[in-house]
S.K.: 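Before I ask anything, here is the structure I am working with.
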Amino acid sequence: MEYTAKYQEWLEKADTDTVAELKGITNQSEIEDRFYRDLEFGTGGLRGVMGAGTNRMNRYMVGKATQGLCEYIKEQGVEAIRRGVVIAYDSRNNSRVFAKHTANVLIANGINTYIYENLRPTPMLSFAVRHLHAFAGVVITASHNPAEYNGYKVYFEDGGQLPPSVSDKIIQYIDRADTFSVPEEMPAELPEGVALHEIGEEVDVAYLENVKAQAIHKDLDKKGYKLVYTPLHGSGNIPVRRILAMTGFEDVITVPEQTEPDGDFPTVKSPNPENHECFALAIELAKKNDCDLIIGTDPDSDRVGIVVKNSDGDYVTMTGNQVGALLTDYVLAQRKANGTLPKDAAVVSTIVTSGMIEAICKKYGVTYFATLTGFKFIGEKIHEFEQNHRHTFVLGLEESYGYLAGTYARDKDAVVASMLIAEMAVFYSKQGKTLYDVMQELYKTYGYFMEETVSVTLKGKDGAEKIQALMKSFRDQLPTAFGGYPIARVNDYLLSKGYTGGKEEALTLPKSNVLQFLFDNGSGFVIRPSGTEPKIKLYYLICEDSREHAKKMMDAVKEDIGKIIQ
């Protein structure tokens, strides 16, 4: 159906408020952008700008996605229906509205439904699916995206994101669903074993006990150690403060302007702990209270960023790769020292995460696995280990500020990461070191790893076409060097082929629109379209023997690739 026909259908069938919003749009290109496609349901679900239209997040698209999920569950039989679906939501505008609508559609379809009484982090949803033995889970969130976004993320019975085989079937049901005929009224009589349940403290306590169990030095004295925490107006406020209190932290100072949930995120441009500007208020507070550590979590509290004091007394924002390296070294070293590191221990990361992670694993004799980008692949590795019993999962991490210790959940968890980061900071403070000092020691031990991620935003239909054209141009004419540095190997994950010196071999990781270029010295460059935003993402992963040499290579490679992108 052409976008103009879809637009007319919505004017005829949508509710009064939606019709009024659509009639208020006078720009034809805006109408086209809202209706030229349906918001794509990927393996993780939906994500987009909120508003009326098929290419926007709204109650109609949420309802249609939920109806597709319902049809799949009903196809699985009575047991799946009674096990039901868990729903959680974060602090974004309309998150509670979309969550309640999801619950209404599930119940209208006669499917057992659990919904949190108020906002909760995404990892708590992953845990709850497992804890309640539910068949699936839905969390309403757009993670760290700007305020105008929201999303609908679906989890499977193991607490991980949907496997492709399941998401493909759900997509088929979504495509068949009539946008304006999705049932949402409570039936007069519900099937046996089906009800609407509210989740509260019992599941919270179970979750927090599982998080607490991941602490390494459980008796470490934290008295007198002060740190600043900001939830950035999100869902991390209560669980992060609770776990810190449960593990002995008495001096946690929160940023008052950013403590309460607020979907407008008024104090930041974007509620993303990757951005230094998010920590402006926290840094002022840390200076006043002489704190060495600041922790910040995103709206659904699955990502965490930190700021630490350096030797000059300045506050430095650590990258996701640096925090990952610090955590990997701390967890492996301390668990080896106290005898709790399994002989078959494994750490799982991604192909766009710092090479230092693998180097640290080699030092401690721990097996390292690299997956494609996205924590869903790390979750799949945990499941694989549990099935084949060849490895014990210890830590999972990715460069985009996501970390998980333990197997109680199947997604990154800023609550457990905050606890371990705070514990790590206290541990080193007793040796007279800040986390900044420890990071410099890691560079001396493993070499200088310098990473940078660049996102190029290309919005709308034209932007999507440009992104695909750019990937095609790289793929059609594979470069042999960047910045004067020869490329030793190219991995094309869309074609599942690797190329080394003219020789071709098959790749084992799943198909994905990702190109990876590797240099002789262990450095790399990766390019891929974002799966959740209208962006193409460039990952520079440089490794050299010194900061000066790393910067020289980084600048040369970035300049060359920048010309190609332009």
Side-chain angles (χ1 to χ4, degrees), residues 274 306 308 310-312 316-337 341 345-371 373 394-403 421 424 428 431 433-454 481-491 500 516-526 538-561:
E274 295 181 42
I306 69 171
V308 300
N310 67 12
S311 53
D312 296 324
V316 179
T317 306
M318 305 293 277
T319 69
N321 281 305
Q322 289 173 325
V323 175
L326 286 165
L327 279 172
T328 304
D329 187 75
Y330 176 75
V331 169
L332 298 188
Q334 299 312 308
R335 289 195 63 173
K336 188 165 188 175
L341 185 66
V347 170
V348 188
S349 187
T350 74
I351 62 170
V352 297
T353 303
S354 175
M356 186 183 281
I357 309 302
E358 184 175 10
I360 293 170
C361 288
K362 284 181 180 177
K363 176 182 177 181
Y364 294 103
V366 170
T367 306
Y368 171 79
F369 291 88
T371 71
T373 310
V394 173
L395 188 68
L397 60 146
E398 58 184 4
E399 97 320 318
S400 55
Y401 296 66
Y403 317 96
I421 289 166
M424 177 171 62
Y428 290 124
Q431 302 173 25
K433 303 174 186 176
T434 67
L435 293 181
Y436 181 87
D437 299 326
V438 179
M439 191 68 232
Q440 305 317 303
E441 292 177 358
L442 293 182
Y443 285 136
K444 290 178 182 177
T445 302
Y446 298 105
Y448 204 91
F449 290 79
M450 180 180 287
E451 300 90 14
E452 187 174 341
T453 302
V454 176
F482 289 129
Y485 294 87
I487 295 165
R489 179 180 173 86
V490 179
N491 291 324
T500 307
Q516 179 186 40
F517 301 87
L518 302 174
F519 302 91
D520 282 330
N521 66 350
S523 298
F525 166 71
V526 178
L538 317 173
Y539 302 85
Y540 299 92
L541 302 148
I542 306 301
C543 172
E544 275 285 4
D545 56 0
S546 68
R547 187 182 187 283
E548 291 72 26
H549 289 159
K551 188 176 186 308
K552 179 183 176 183
M553 183 175 183
M554 175 72 82
D555 290 345
V557 172
K558 278 186 68 179
E559 182 180 2
D560 202 359
I561 291 171

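All values reported here derive from a predicted model rather than from experimental measurement. The analysis underlying the following values was restricted to heavy atoms, covering all of them including side chains, and did not include hydrogens, waters or symmetry mates.
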S.K.: Roughly how far, to the nearest 0.5 Å, is CD1 of Ile487 from CZ of Phe482?
M.R.: 4.0 Å

S.K.: Is there a side-chain contact between Arg547 and Tyr443 in this structure, where contact means two heavy atoms from C-beta onward sitting under 4.5 Å apart?
M.R.: no

S.K.: Just verifying a value: how many Å separate Tyr539 OH and Glu451 CD, rounded to the nearest 0.5 Å?
M.R.: 13.0 Å

S.K.: Enter the distance from Leu442:CG to Tyr330:OH here, rounded to the nearest 0.5 Å.
M.R.: 13.5 Å

S.K.: Can any side-chain N or O of Asp560 pair as donor or acceptor with the backbone N or O of Gly484 at less than 3.5 Å?
M.R.: no

S.K.: Looking at Leu332 and Tyr364, what are the two nearest heavy atoms and their distance?
M.R.: CB-CD1, 3.8 Å

S.K.: Can a donor-acceptor pair be found between the side chains of Asn321 and Thr319 at a distance below 3.5 Å?
M.R.: no

S.K.: With the side chain counted from C-beta on, respond yes when Val366 and Leu341 share a heavy-atom pair under 4.5 Å apart, and no when they do not.
M.R.: yes

S.K.: Check the pair Ser546, Tyr448 against side-chain contact (heavy atoms from CB on, under 4.5 Å), reporting the backbone distance first and the verdict last.
M.R.: CA-CA 5 Å; Ser546 68; Tyr448 204 91; 5.6 Å; no

S.K.: First locate atom CG of Leu538, then atom CD of Glu452, and finally report the distance between them rounded to the nearest 0.5 Å.
M.R.: 9.5 Å

S.K.: Any side-chain heavy-atom pair from Tyr485 and Asn521 closer than 4.5 angstrom?
M.R.: no

S.K.: Show the nearest heavy-atom pair for residues Ser349 and Tyr368, with the distance to one decimal.
M.R.: CB-OH, 3.5 Å

S.K.: Please name the pair of heavy atoms, one in Met318 and one in Tyr401, separated by the smallest distance, quoted to 0.1 Å.
M.R.: O-OH, 3.5 Å

S.K.: Do Ser354 and Glu399 come within less than 4.5 Å of each other through their side chains, counting heavy atoms only?
M.R.: no

S.K.: At what distance, to the nearest 0.5 angstrom, does CG of Leu326 lie from CD of Gln322?
M.R.: 7.5 Å

S.K.: Please report the interatomic distance CG(Leu395) to CG(Leu327), rounded to the nearest 0.5 Å.
M.R.: 6.5 Å

S.K.: Hey, mind stepping through Lys552 and Glu544 against salt bridge (Lys or Arg N to Asp or Glu O under 4.0 Å) and telling me if it holds?
M.R.: CA-CA 10 Å; Lys552 179 183 176 183; Glu544 275 285 4; over 6 Å; no

S.K.: Is the CD atom of Glu559 crowded by more than 12 outside heavy atoms at less than 6.0 Å?
M.R.: no

S.K.: For Thr350, what residues pass the side chain to side chain contact (heavy atoms under 4.5 Å, CB included) criterion, not counting sequence neighbours?
M.R.: Val352, Thr353, Thr371, Ile378, Glu398

S.K.: Report yes or no: does Asp437 contribute a side-chain atom to a donor-acceptor pair with the main-chain N or O of Thr434 at less than 3.5 Å?
M.R.: yes

S.K.: Taking the side chain as everything from C-beta on, heavy atoms only, tell me whether Asp329 gets closer than 4.5 Å to Tyr446.
M.R.: yes

S.K.: Below 30° counts as parallel, above 60° as perpendicular, anything between as tilted: where do the rings of Phe517 and Phe525 land?
M.R.: parallel

S.K.: Looking at every heavy atom in both Ile306 and Val323, which two are closest together, and how far apart are they?
M.R.: CG1-CG2, 3.6 Å

S.K.: Using every non-hydrogen atom in the two residues, find where Asp520 and Ala488 come nearest and quote the distance to one decimal.
M.R.: OD1-CB, 3.1 Å

S.K.: Might you point out which heavy atoms bring Ala481 and Pro486 nearest each other, and give the distance in Å?
M.R.: CB-CA, 3.9 Å

